[in-house]
Amino acid sequence: MSHLLGRTLRQAPAEAETASHKLLLRAGLVRQLAAGIYSYLPLGYRVVRKIERIMQEEMDAIGGQQVELPVLHPAELWKETGRWFDVGQEMVRLKDRADRDFVLGMTHEEVITDLARREVRSYRQLPFMAYQIQTKVRDEPRPRGGLVRLREFLMKDGYSFHADPQDLDAYYPLMYQAYLNIFSRSGLKVVPVEADPGMMGGTGSHEFVMLSPTGEDTFMLCQGCGYAANLERAEFVKPAPVLPPSDEPAELVATPGAKTIDDLVNLFGLPAGAMLKTVVYAEGERLVAAVIRGDLAVNEAKLARALHTAHFHLATDEELRAHGVYPGYVSPVGLEGVHILVDDSIREDTEYIAGANRPDAHLRHTRLGRDFQADEVADIAAAREGDPCPRCGGTLHAERGIEAGHTFKLGTKYSAAMGATYLGADGQERPIIMGCYGIGVDRLIASVVEQSHDERGIMWPKSIAPFQVQLVALGMDDAALAAYAENVYQELSAAGYEVLFDDRDDTPGVKFNDADLIGTPLRLTVSQRTMSAAQVELKPRTAKQFSLVPRGELVQRVAEALAAAP
RNA sequence: CGGGGUGUAGCGCAGUUGGUUAGCGCGCGUGGUUUGGGACCACGAGGCCGGCAGUUCGAGUCUGCCCACCCCGACCA
């Protein structure tokens with residue numbers, strides 16, 4: 001340890017805020033090079049390799065074949081699937097000396113699909129699953145949280161190829177279970193949740209989430225039935241109508257200055273659920289009016305799915321006026337030239353107070369189907385803390401979390417676009433059915449530290465700890481003691497244990513504190529005291545007390561203690 | 001990209017209304033004393049005060065522009 005690259009820090013650099021970021025820096029596992037770009041020092045890289053090993057074992061166990069794919073991709077490949085145009089500045093683009101466009105691999109669907117179309121001819125070659133554990137590059141708009149969100153990151157990506165959707169459906173649960181295995185073997189507690197496929201496309205996906213207040217995503221969980229979903233797609237039971245339907249015709253009411261739902265609540269003395277909220281978005285040249293109950297909020301991720309595009313924004317006042325729409329008094333009633341998208345919370349068996357599409361006035365007795373029509377009905381409402389669970393009617397709770405892994409059923413999105421086909425037994429050519437499965441290795445490490453630490457430092461699960469044992473030798477300037485410690489080190493190493501030997505000439509306090517900070521599962525201490533009694537002190541990182549073990553029983557006792565360690 | 005914050009030694013920080021040679025703690029080096037929970041004494045090394053341009057007799061300090069990093073948002077496998 002006296003020559004180990006990377007010293008421990010007493011104080012964390014000021015830029016680190018989260019526990020994992022501070023501890024990974026302090027314990028000497030990583031160092032930052034630039035925003036979202038880190039080097040792994042020897043201690044950190046050992047953890048990376050442990051996790052890679054677990055991933056390899058679990059992927060191989062379900063028939064995975066590891067490959068190594070290029071970092072530099074010709075733009076043509078990404079043009080074939082359209083992502084060259086769809087993905088924004090997040091993709092790092094560059095030119096070679098001949099002025100040809102290239103990108104740095106931010107993910108590898110294009111490359112693996114290209115490989116598949118070159119190699120696969122027949123259904124007889126299917127199914128198979130290939131995976132890689134490699135660096136990916138994304139110019140994130142905002143790297144954050146140390147290793148949680150990086151611009152250059154290590155990712156395990158798996159891609160499966162199937163003859164038909166049924167085969168993918170049959171394989172998917174194996175991958176799902178392998179993912180649970182990887183996380184539990186890495187000592188990380190995760191919750192699988194329904195997720196939004198986002199830019200990956202496809203027909204279904206799950207996220208594997210480590211719940212933590214430092215997480216950057218919000219998830220809705222039901223304790224009753226275990227329903228769990230990303231807020232971006234979480235469903236909930238929409239509230240029952242507030243007002244009985246009336247046969248009164250829509251009636252204009254003067255509402256000077258009342259521009260918000262709150263104003264209307266005060267003015268009419270009715271709950272917000274009786275109001276119609278109309279939020280107008282601009283999508284290119286056209287306007288979209290999102291109509292929703294006054295007590296609900298539009299979820300823009302759901303809206304994006306309903307509109308089949310993410311390229312929209314809240315309409316500005318200028319854009320509204322250009323279409324003759326009055327901010328604060330917008331209403332689907334009599335709204336011309338605007339696409340009307342109605343949330344399924346809006347029902348025909350009730351009436352609402354809506355805007356009048358003119359200043360300082362609203363309409364009451366407004367009814368869907370009579371006074372206004374929906375061009376489209378969809379679920380575009382954001383779930384909130386306390387909303388009823390869509391499965392069991394229980395109560396949904398909002399929790400923050402870190403997305404540690406994600407599995408997708410891709411279907412033919414890439415294979416069809418790129419012509420990755422096979423000949424079936426019937427002689428017909430069909431696109432290959434694909435799935436893809438990713439885990440962020442760096443983020444997994446950050447999540448484990450976030451979950452397993454105390455005020456003194458990291459508490460590594462033994463499966464991914466950089467070393468299994470930290471040997472603290474006190475009084476290394478004494479030759480006899482140095483020899484005693486060296487002997488312990490040699491014996492444990494020979495027995496197959498990974499031992500970090502703290503041979504530094506430092507005070508006990510320094511060494512104990514560093515051992516707690518680095519957080520190996522077991523700490524052994526040798527000193528004049530233990531040497532003269534022919535003992536070694538043994539303390540698990542998670543234990544409060546140490547025990548003294550006879551020198552002769554050391555290997556056996558280490559084995560026992562390690563078996564008992566988390 | 002919008003909002004906020006921070007840049008002074010490896011790390012954490014101080015630096016008065018602009019005024020000698022820019023400080024403190026930790027860490028680092030040498031010597032000595034220490035040795036079971038971040039020891040003590042002495043001596044020492046280490047700075048383009050983020051960068052550029054101004055204002056001024058004089059700038060770490062004032063002004064402008066830029067850069068980097070962090071946080072919130074937008075965005076995001």
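Lettering follows sequence order; numbering is per chain, from 1.
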### Query
Stepwise, does the ring pair (Phe, Tyr, Trp, His ring centres under 6.0 Å) test hold for A/Phe408 with A/His406?
CA-CA 7 Å; A/Phe408 306 84; A/His406 207 151; 4.0 Å; yes
### Task
Could you tell me whether A/Glu80 and A/Arg117 make a salt bridge, using a distance below 4.0 angstrom between a side-chain N and a carboxylate O?
yes
Between the protein and nucleotides 2-4 of chain B, list every N/O to N/O distance that falls short of 3.5 Å.
none

## Note on the structure
Residue pairs meeting ring pair (Phe, Tyr, Trp, His ring centres under 6.0 Å), one or both in residues 3-22 of chain A, sequence neighbours left out, come to A/His21-A/Tyr38
### Message
Using a heavy-atom cut-off of 4.0 Å across all strands, would you classify A/Pro13 as base, sugar-phosphate, or nothing?
### Response
sugar-phosphate
### Task
Please state whether the rings of A/Tyr179 and A/Phe183 are parallel, tilted or perpendicular, taking 30° and 60° as the class boundaries.
perpendicular
### Message
In this structure, how many angstroms lie between the C1' atom of B/rG12 and the CD atom of A/Glu15, rounded?
### Response
12 Å
### Query
Between A/Gln89 and B/rC1, is there a side-chain N or O to OP1/OP2 distance below 4.0 Å?
no
#### Entry: Separation of B/rG73 C1' from A/His313 NE2 (nearest whole Å)
17 Å
### Message
Cation-pi check for A/Trp84 against A/Arg93: NZ or CZ below 6.0 Å from the six-membered ring centre and within 45 degrees of the axis, yes or no?
### Response
yes
### Task
Using only side-chain N and O atoms of A/Arg7, determine if any of them is under 4.0 Å from OP1 or OP2 of B/rC28.
yes
Do any side-chain atoms of residues 4-16 of chain A form donor-acceptor pairs under 3.5 angstrom with protein atoms, and if so which ones, sequence neighbours left out?
unit_1: A/Thr8; atom_1: OG1; unit_2: A/Asp514; atom_2: OD1; d: 2.9
unit_1: A/Thr8; atom_1: OG1; unit_2: A/Asp514; atom_2: OD2; d: 3.1

### Task
Go along nucleotides 29-52 of chain B 5' to 3' and tag each nucleotide: B for a protein heavy atom under 4.0 Å from its base, S when only backbone or sugar atoms are that close, - otherwise.
------BBBBB-------------
### Message
Taking atom types as they are modelled, would you say the side chain of A/Gln11 forms a donor-acceptor pair with the base of B/rG25 within the 3.5 Å cutoff?
### Response
yes
### Message
Going by ring pair (Phe, Tyr, Trp, His ring centres under 6.0 Å), name the residues that satisfy it together with A/Phe312, two or more places apart in sequence or in a different chain.
### Response
A/Tyr281
### Query
Roughly how many Å is it from CD in A/Glu140 to C1' in B/rC69, rounded to a whole number?
17 Å
### Task
Measure from the side-chain heavy atoms of A/Ala14 and tell me the nearest of B/rA77, B/rC75, B/rC13.
B/rC13
### Query
Quantified in whole Å, what is the P atom distance between nucleotide B/rG10 and nucleotide B/rA45?
16 Å
### Task
Take A/Asp478 and A/Gln528, measure what side chain to side chain donor-acceptor pair (under 3.5 Å) needs, and give me the verdict at the end.
CA-CA 9 Å; A/Asp478 179 77; A/Gln528 292 295 340; 3.3 Å; yes
#### Entry: side chain to side chain donor-acceptor pair (under 3.5 Å) involving A/Ser212 - partner list, sequence neighbours excluded
A/Thr214
Side-chain donor-acceptor distances from residues 544-551 of chain A under 3.5 Å, at least two apart:
unit_1: A/Arg551; atom_1: NH1; unit_2: A/Glu491; atom_2: OE1; d: 3.0
unit_1: A/Arg551; atom_1: NH2; unit_2: A/Asn487; atom_2: OD1; d: 2.5
unit_1: A/Arg551; atom_1: NH2; unit_2: A/Glu491; atom_2: OE1; d: 2.7

### Query
When the distance from CE of A/Met434 to C1' of B/rA77 is rounded to whole Å, what number comes out?
15 Å
### Task
For A/Gly146, answer base if it contacts any base atom (sugar-phosphate contacts may also be present), sugar-phosphate if it contacts only those atoms, and nothing otherwise; contact means non-hydrogen atoms under 4.0 Å.
nothing
### Message
Going by the rule ring pair (Phe, Tyr, Trp, His ring centres under 6.0 Å), which residues pair with A/Tyr171 if we only count those two or more places apart in sequence or in a different chain?
### Response
A/His162
### Query
Sequence neighbours excluded, which residues qualify as salt bridge (charged side-chain N to carboxylate O under 4.0 Å, His left out) partners of A/Lys511?
A/Asp502
### Query
Which residue, A/Leu150 or A/Thr18, contacts RNA chain B at a nucleotide closer to its 5' end, judged by nearest heavy atom?
A/Thr18
### Task
Measure from CD on A/Glu17 to P on B/rC70 and round the result to the nearest Å.
10 Å
### Task
Grab the NE2-C1' distance between A/His21 and B/rC69 for me, whole Å please.
10 Å
## Note on the structure
Numerically ordered, the residues 173-193 of chain A set in heavy-atom contact under 4.0 Å with RNA chain B is none
### Task
Return the set of residues passing ring pair (Phe, Tyr, Trp, His ring centres under 6.0 Å) with A/Phe161 (not counting sequence neighbours), or none when no residue passes.
A/Phe128
### Query
Does RNA chain B take part in any stems of at least 3 consecutive Watson-Crick or G-U pairs (both distances under 3.5 Å), and if so, which ones?
B:1-7 with B:67-73, B:10-13 with B:23-26, B:28-33 with B:39-44, B:50-54 with B:62-66
### Query
With distance as the sole test, does A/Glu450 use its side chain to make a donor-acceptor pair with the main-chain N or O of A/Ser20 at under 3.5 Å?
yes
